Amino acid sequence: MTNKKGFDRTESAEINEKTYNELIQVRREKLKDLKQTGVNPFGQRFEFTHRAKQLLDNYEDYEDKEVSLAGRMMAKRGHGKAGFANVQDGTAQVQIYSRLNDLGEEQYEIYKGLDIGDIVGVRGTLFKTRMGEVTVAVKELTLLAKSLRPLPEKWHGLKDVDLRYRQRYLDLIVNPEVKDTFVIRSKIVRAIRNFLVHRGFLEVETPMMHPIAGGAAARPFTTHHNALDMDLFLRIAPELYLKRLIVGGFDKVFEINRNFRNEGISTRHNPEFTMLELYQAYADYNDMMDITEGLIASVAEDVFGEANINYQGQEINLNSPWERLPMLEAVKRYSGLDFEVLTNADTAGNAVKKLGLEVEKSDGWGDILNKVFEEKVEPNLIQPTFITDYPVEISPLAKKKEDQPQLTYRFELFINGWEMANAFSELNDPLDQRERFSRQLDKRKSGDDEAHMMDEDYITALEYGMPPTGGLGIGVDRLIMLLTDSPSIRDVILFPLMRPRV
RNA sequence: GGGCCAUUAGCUCAGUUGGCUAGAGCACCUGACUUUUAAUCAGGGUGUCCCAGGUUCGAGUCCUGGAUGGCUCACCA
């Protein structure tokens with residue numbers, strides 16, 4: 001502010017300053033004072049000997065020894081010529097005790113001027129107070145970064161969910177359980193990787209920008225490449241690229257990465273979400289059930305030490321084996337309708353209308369079956385359940401069953417009523433695949449903009465020959481919600497999509 | 001997109017049937033206090049009551065429209 005040459009910047013800064021509220025202005029004044037006394041409010045690298053959690057957990061090892069640590073000041077209690085404060089680093093909070101006698105006039109003045117939120121480095125000896133709290137008696141204090149804005153309230157934390165998502169860094173600073181959730185998220189993803197790598201799967205990365213959005217029924221985001229003057233889609237699934245790799249001779253591959261779907265937002269849907277997909281040559285959907293069961297139970301064991309979990313008050317037992325229930329049987333069990341008798345779209349449609357469900361003219365037998373399933377069966381599938389043998393109309397990439405060609409070797413896994421995984425014996429007949437894509441194109445023409453596009457390049461790959469293959473997709477965010485007992489997908493995504501603030 | 005709900009100080013929240021100059025705690029400022037811990041004690045209120053209209057002598061409060069968010073339904077994993 002004293003720089004005469006920077007006239008414009010100085011002036012606008014001063015105008016801005018007037019609009020800041022008092023709390024921010026006070027901190028800016030302190031910043032100015034610090035600079036004037038020759039203290040750099042935004043310091044350099046600080047070498048510390050310990051992290052807070054180490055000191056708390058192993059107090060006996062460090063008692064009366066000199067330690068140093070760095071972190072953010074989260075609370076401050078003054079006592080005249082001495083004071084306590086809490087410093088929070090990446091591991092925990094530890095108390096520090098600063099006395100005028102130990103620090104000297106100059107440093108103690110700096111300490112007194114510190115605000116909650118400031119980032120400091122301290123060096124001193126470790127002791128326990130009368131009340132038994134592990135504390136660093138500070139000998140030397142270094143300001144590493146001045147904080148110019150007040151933190152949210154110390155006792156209630158930050159509750160406004162809008163602010164929590166938009167300013168996740170504040171959420172992480174003041175709500176410790178949020179940090180825990182994301183640490184667990186990282187552990188879960190690592191456990192998945194370990195599980196698969198140990199079983200010989202190769203992690204690969206396939207394109208996120210697709211000329212044709214395929215591998216799922218969903219509306220894509222569109223974008224544009226300028227140099228090629230080409231429209232592209234953000235991927236809705238990596239499936240077709242991973243199967244090209246199976247054609248190419250990678251027998252076991254997986255990818256954990258983002259998919260993008262241009263659809264509604266809810267507590268279980270974010271436009272970008274993390275998907276695990278894996279493919280294993282010479283395997284089928286039964287093998288995929290074994291892998292799914294093993295993977296989820298083992299991840300829970302790895303991260304929590306047990307496979308019994310509680311989600312929002314609901315006990316869920318992830319120990320294998322899980323029920324494997326053909327869709328036709330599931331529908332019979334929960335709706336009373338027998339689709340082995342209702343063998344065409346008309347009779348099935350009439351029966352379903354009696355249940356109060358709406359049927360479109362374009363719906364085939366399989367679409368109608370699926371509607372009944374979603375409406376009557378899904379909400380009942382709380383404990384892990386594999387629903388097997390999906391109708392061919394809604395499974396354009398799955399191999400038909402040899403004995404029941406209206407069905408496919410496909411399953412979905414349901415836990416807590418949610419679809420958690422989707423898998424099938426992959427369709428490797430290029431002629432059948434072309435036929436399926438054509439049916440999807442018909443659906444597109446009749447207004448279904450989630451139906452599959454024709455992918456000639458993928459069919460060409462199949463024409464070179466793809467071994468019989470089992471493929472599996474698991475919604476990683478939902479798995480994490482379940483395992484961390486989080487009610488909203490936004491609680492397990494660091495920066496969920498939000499409308500920008502005006 | 002539909003329905004319901006919310007929006008008041010930096011944060012967490014009160015605010016009655018429409019009625020004085022809009023409140024509390026934390027945070028912040030001044031002073032006291034050298035083992036406190038939601039430190040304490042004395043003093044200080046820092047505000048576009050989400051926005052724009054309207055009704056009224058008078059609106060944080062009632063009405064209309066809008067913004068943002070939450071829940072929920074629809075679509076989807």
Side-chain angles (χ1 to χ4, degrees), chain A residues 19-27 29-30 74-86 93-103 108 113 115-117 127-137 147-167 170-171 173-175 215-220 236-237 258-277 358 374-375 378 412-415 417-422 448-450 473-479 481 487-490 496 498-502:
Chain A
T19 68
Y20 286 156
N21 72 53
E22 190 200 323
L23 299 180
I24 292 173
Q25 282 197 42
V26 165
R27 293 194 180 205
E29 286 300 321
K30 286 184 179 176
M74 296 301 291
K76 205 179 163 202
R77 299 172 288 279
H79 285 271
K81 295 180 180 61
F84 292 92
N86 293 344
Q93 271 191 29
V94 72
Q95 179 167 266
I96 64 170
Y97 179 54
S98 308
R99 294 201 314 167
L100 172 62
N101 294 7
D102 297 336
L103 283 174
Y108 193 70
D115 288 306
I116 289 173
F127 76 107
K128 265 189 186 172
T129 63
R130 266 186 224 148
M131 304 301 290
E133 178 150 351
V134 175
T135 304
V136 179
S147 169
L148 296 178
R149 289 175 181 270
L151 285 178
E153 211 237 11
K154 67 177 172 187
W155 191 243
H156 298 94
L158 183 63
K159 285 193 171 166
D160 184 324
V161 286
D162 186 20
L163 288 181
R164 285 186 44 217
Y165 299 142
R166 285 179 199 281
Q167 293 181 281
L170 291 180
D171 194 25
I173 291 169
V174 302
N175 297 329
R219 294 215 302 270
I236 55 176
R258 234 66 65 77
N259 288 348
F260 307 86
R261 298 190 184 173
N262 206 340
E263 283 153 4
I265 294 174
S266 80
T267 47
R268 289 179 303 284
H269 300 85
N270 194 60
E272 54 177 310
F273 64 99
T274 300
M275 187 82 167
L276 160 68
E277 286 203 12
E358 283 180 30
E374 286 180 351
E375 201 65 29
E378 276 191 17
E412 289 195 348
L413 167 66
F414 290 85
I415 304 178
W418 304 341
E419 184 189 335
M420 295 287 304
N422 181 19
D448 181 359
D449 51 5
E450 286 171 9
I474 295 180
V476 173
D477 306 281
R478 283 197 184 164
L479 179 61
M481 284 173 70
S488 169
I489 198 168
R490 292 174 159 190
M498 303 286 280
R499 207 183 292 265
R501 267 286 200 233
V502 185

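Keep in mind that this is a model prediction, so the values were computed, not measured. In what follows, chains are A, B, ... by sequence order, proteins preceding strands, each numbered from 1.
In this structure, A:Trp418 does not pack face-to-face on the six-membered ring of B:rA77, missing the 5.5 Å centre cutoff or the 30° plane limit.
A:Arg268 places its CZ atom 10 Å from the P atom of B:rC71, with the value rounded to the nearest Å. Counting to the nearest Å, the P atom of B:rA27 and the CG atom of A:Leu170 are 17 Å from each other. With rounding to whole Å, A:Ile116 atom CD1 is found 9 Å from B:rC29 atom P. If you measure from atom CG of A:Leu158 to atom C1' of B:rG10, you get 11 Å, rounded to the nearest angstrom. Atom pair A:Asp171:CG and B:rG10:C1' shows a separation of 17 Å (rounding to whole Å applied). With rounding to whole Å, A:Leu163 atom CG is found 11 Å from B:rC13 atom P. Atom P of nucleotide B:rA77 and atom CD of A:Glu277 are separated by 12 Å, given to the nearest angstrom. In this entry the distance linking CD1 of A:Ile24 with P of B:rA27 reads 18 Å, nearest Å.
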| note | Heavy-atom contacts, protein to nucleotides 33-38 of chain B, under 4.0 Å, summarised as B (base), S (sugar-phosphate only) or - (none) per nt, yield BBBBBB

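At B:rG69, one or more side-chain N or O atoms of A:Arg499 fall inside 4.0 Å of OP1 or OP2 (strictly under the cut-off). Remark: A:Thr267 is in phosphate contact with B:rU72, judged by side-chain N or O atoms under 4.0 Å from OP1 or OP2.
With C1' as the reference atom, B:rG45 and B:rC29 are 11 Å apart, rounded to whole Å. Rounded to the nearest Å, the gap between the C1' atom of B:rA32 and that of B:rU36 is 16 Å. Only the P atoms considered, B:rA6 is 13 Å distant from B:rU16, to the nearest whole Å. B:rC33 and B:rG15 have their C1' atoms separated by 37 Å, with the value rounded to a whole Å.
Residues satisfying the salt bridge (charged side-chain N to carboxylate O under 4.0 Å, His left out) criterion with A:Arg77, sequence neighbours excluded, are absent altogether. A:His156 meets the side-chain hydrogen bond (donor to acceptor under 3.5 Å, both in side chains) test with A:Glu153; sequence neighbours excluded. Shown here are the salt bridge (charged side-chain N to carboxylate O under 4.0 Å, His left out) partners of A:Lys76, two or more places apart in sequence or in another chain: there are none. Partners of A:Tyr165 under the side-chain hydrogen bond (donor to acceptor under 3.5 Å, both in side chains) rule, at least two apart in sequence or in another chain, are A:Asp491. By the side-chain hydrogen bond (donor to acceptor under 3.5 Å, both in side chains) test, A:Ser266 is found to be paired with A:His269, residues two or more places apart in sequence or in another chain being considered. With sequence neighbours excluded, the residues satisfying salt bridge (charged side-chain N to carboxylate O under 4.0 Å, His left out) with A:Glu412 are A:Arg410. Contacts of A:Asp102 classified as salt bridge (charged side-chain N to carboxylate O under 4.0 Å, His left out), with partners at least two apart in sequence or in another chain: A:Arg99. Residues that satisfy the ring pair (Phe, Tyr, Trp, His ring centres under 6.0 Å) test with A:Tyr108, not counting sequence neighbours, are A:Tyr111.
Among pairs with a residue in residues 259-270 of chain A, none fulfils salt bridge (charged side-chain N to carboxylate O under 4.0 Å, His left out), at least two apart in sequence or across chains.
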| field | Strand RNA chain B as a dot-bracket string - pairs counted if Watson-Crick or G-U with both distances under 3.5 Å, | where the partner lies in another strand | value | (((((((..((((.....[...))))((((((.......))))).)...(((((..]....))))))))))))....

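Toward the 5' end of RNA chain B, the nearer of the two residues A:Met498 and A:Met420, judged by each one's closest nucleotide, is A:Met498. A residue-by-residue look at A:Ser488 and A:Ile265 shows that A:Ser488 has its nearest nucleotide of RNA chain B further toward the 5' end.
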Distances under 3.5 Å only, N/O to N/O: pair up the protein atoms with those of nucleotides 42-51 of chain B.
{"residue": "B:rU46", "atom": "O4'", "partner": "A:Glu22", "partner atom": "OE1", "Å": "3.3"}

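Annotation: side chain of A:Leu151 is in contact with side chain of A:Ile173 (closest heavy-atom distance under 4.5 Å).
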